[in-house]
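Report on one structure; see the data block that follows.
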Amino acid sequence: MGMAVRHGPADEVPGFEPGAAAGEAGEEPCPTGSKRGQPPPLLPTSPPAEELADRARQSLATLGLYPTVVAGDGEAGYPARGPYTRIISTAAVRQVPQAWLDQAAPDAVLVTPLYGPFGHDALLRLVADGHGGGEAALSPASPS
């Protein structure tokens with residue numbers, strides 16, 4: 001299953017890497033900003049996934065909570081702790097990743113937002129069969 005990628009102005013700059021200086025290789029970034037029509041000299045990047053996981057562990061620990069926090073590809077699930085009786089995704093998917101179904105125990109409940117074309121999103125509730133499949137029902141997503 002692939003990931004959708006949005007293309008923006010940064011994609012139009014040859015050799016551009018997020019978080020790096022814009023311009024030709026070896027060129028110093030402009031200290032006062034960018035030229036009109038050019039991306040800014042420095043663009044922020046997201047913290048690495050492991051750094052976010054560490055911050056989550058620390059924040060949860062302050063509440064006395066110590067769950068397993070994993071930095072990784074959510075579509076791959078986390079087989080080391082399966083099979084799971086509940087799988088809840090807060091990220092919308094176009095289709096349920098097979099890894100989630102493979103890691104679900106019999107009668108496990110999987111809930112995830114399902115992204116549909118043309119703004120027709122839905123909430124999917126699936127009861128797993130424990131063999132990589134299951135039965136699902138869709139509910140329309142509530143209006144914002």
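Between Gly132 and Asp102, the shortest heavy-atom distance links the atoms CA-OD1, 3.6 Å. Across Ala128 and Ala105, no two heavy atoms sit closer than the pair CB-O, 3.8 Å. Pairing each heavy atom of Ala108 with each of Ala104, the nearest pair is CB-CB, 3.9 Å. In plain terms, the two heavy atoms of Leu124 and Ala136 that are nearest each other are CD1-CB, 3.4 Å. For the residue pair Arg57 and Val69, the shortest heavy atom distance occurs at NH2-O, 2.8 Å.
With hydrogens and angles disregarded, a donor-acceptor distance shorter than 3.5 Å links the side chain of Thr62 to the backbone of Ser59. Looking at Tyr84, its side chain never comes within 3.5 Å of a backbone N or O of Leu110 through a donor-acceptor pair. Under the 3.5 Å distance criterion, the side-chain polar atoms of Glu75 are left unmatched by any main-chain donor or acceptor of Ala99.
Other residues, nucleotides and ligands place no more than 12 heavy atoms under 6.0 Å from the CG atom of Asp107.
Residues Trp100 and Val93 are in side-chain contact: their nearest non-hydrogen atoms beyond the backbone lie under 4.5 Å apart.
With rounding to the nearest 0.5 angstrom, the CZ atom of Arg125 is 15.5 Å from the CG atom of Leu114. Between Ile87 atom CD1 and Leu101 atom CG the span is 7.5 Å, to the nearest 0.5 Å. Here the straight-line distance linking atom CD of Glu50 with atom CZ of Arg55 works out to 12.5 Å at 0.5 Å rounding.
Leu126 and Leu138 fall within the same hydrophobic cluster, defined by Ile, Leu, Val, Met, Phe, Trp and Tyr side-chain heavy atoms under 4.5 Å apart, directly or through other members.
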